[in-house]
Amino acid sequence: MSQINEALEGLIQAIWEGEEYKRYQEIRAKVHEQPELEQRIHAFRKKNYEVQNRANERALYDQVDGLEREGIEFRKNPLVNEYLNAELGICRLFQRINWELVQNIDFDLGFVID
């Protein structure tokens, strides 16, 4: 097995054993016990993803504003809030891992900057 594969397996294992992942899995299991709530959460997350990936549309401000208002109301449910916070923790962990790789690997991305 190559050194990269071994390191990757170690990273995956460290993520599985990490507090962020354990917390996320625990909350995810609780949400899964409530299928209707789980569907609503997934619908909200999908809408959020779609809004974030429509950066060129004129009505983006209104869509973001509407989503924020919906999110405030939706997050009044403690389980929803806990789930979305746990998910955010995992996403930030992935961002940190990606950032460290990009910052520490010499790879020419000059075409992006131009």
Side-chain angles (χ1 to χ4, degrees):
M1 181 179 294
S2 76
Q3 185 178 3
I4 292 174
N5 287 341
E6 288 177 22
L8 183 57
E9 284 186 15
L11 177 60
I12 291 168
Q13 188 67 36
I15 290 170
W16 285 342
E17 294 171 1
E19 289 304 312
E20 295 97 341
Y21 187 74
K22 288 178 182 178
R23 179 173 178 246
Y24 172 73
Q25 289 300 332
E26 180 182 312
I27 303 306
R28 183 175 171 219
K30 288 180 185 178
V31 167
H32 191 68
E33 293 171 1
Q34 299 181 40
E36 289 179 20
L37 181 61
E38 185 176 38
Q39 287 178 335
R40 289 180 54 215
I41 290 171
H42 290 318
F44 178 77
R45 291 169 59 235
K46 180 180 179 184
K47 191 183 304 184
N48 187 23
Y49 175 83
E50 290 170 348
V51 167
Q52 289 180 22
N53 288 290
R54 289 188 206 150
N56 296 330
E57 290 188 19
R58 286 185 159 157
L60 182 61
Y61 177 79
D62 293 334
Q63 292 172 346
V64 170
D65 189 48
L67 188 62
E68 284 179 3
R69 282 194 306 272
E70 182 182 343
I72 289 169
E73 190 63 33
F74 196 38
R75 283 177 171 265
K76 287 182 180 178
N77 180 320
L79 186 57
V80 169
N81 191 51
E82 196 173 2
Y83 177 83
L84 293 176
N85 283 338
E87 180 184 58
L88 180 61
I90 291 292
C91 290
R92 286 186 175 153
L93 174 64
F94 292 157
Q95 287 174 335
R96 193 171 80 230
I97 291 167
N98 287 330
W99 178 254
E100 288 298 324
L101 288 171
V102 168
Q103 290 300 306
N104 291 293
I105 304 296
D106 185 17
F107 186 72
D108 187 1
L109 293 175
F111 70 94
V112 175
I113 298 168
D114 293 340

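By convention here, the first residue in the shown sequence is residue 1.
Distance CG/N48 to CD1/I41: 13.0 Å, rounded to 0.5 Å. L84 contributes atom CG, which lies 9.5 Å from atom CG of L79 (distance to the nearest 0.5 angstrom). In this structure, CG on L101 lies 12.0 Å from CZ on R96, to the nearest 0.5 angstrom.
The closest donor-acceptor contact from the side chain of N81 to the backbone of N77 lies at 3.5 Å or more, if one exists at all.
The 12-atom threshold is not exceeded at CD1 of I4, counting heavy atoms of other residues, nucleotides or ligands nearer than 6.0 Å.
With respect to the salt-bridge test (charged N to carboxylate O, under 4.0 angstrom), the residues E20 and R92 do not qualify.
By the salt bridge (Lys or Arg N to Asp or Glu O under 4.0 Å) test, R69 pairs with D65, sequence neighbours left out. Listed by chain and residue number, Y21, R28 satisfy the side chain to side chain contact (heavy atoms under 4.5 Å, CB included) test with Q25 (two or more places apart in sequence, or in another chain). Among residues two or more places apart in sequence or in another chain, the side chain to side chain contact (heavy atoms under 4.5 Å, CB included) test is passed with E26 by K30. Here N98 pairs with nothing under the side-chain hydrogen bond (donor to acceptor under 3.5 Å, both in side chains) rule; sequence neighbours left out. Residues that satisfy the side chain to side chain contact (heavy atoms under 4.5 Å, CB included) test with N5, not counting sequence neighbours, are M1, S2. For the side chain to side chain contact (heavy atoms under 4.5 Å, CB included) test, residues two or more places apart in sequence or in another chain that qualify with K22 are E19.
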Using a 3.5 Å cut-off and no angle test, enumerate the donor-acceptor pairs between side-chain atoms of residues 6-15 and protein atoms at least two apart in sequence or in another chain.
unit_1: Q13; atom_1: NE2; unit_2: E17; atom_2: OE2; d: 2.7

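Under a hydrophobic clustering in which Ile, Leu, Val, Met, Phe, Trp and Tyr are joined whenever their side-chain heavy atoms come within less than 4.5 Å, directly or via other members, W16 and L93 fall into the same cluster.
Residue pairs satisfying the ring-ring contact (aromatic ring centres under 6.0 Å, His included) criterion with at least one member in residues 24-54, sequence neighbours excluded, are listed as follows: Y24-Y83, F44-F74. Under the salt bridge (charged side-chain N to carboxylate O under 4.0 Å, His left out) criterion, the residue pairs touching residues 74-91 are R45-E87, E73-K76, with sequence neighbours excluded.
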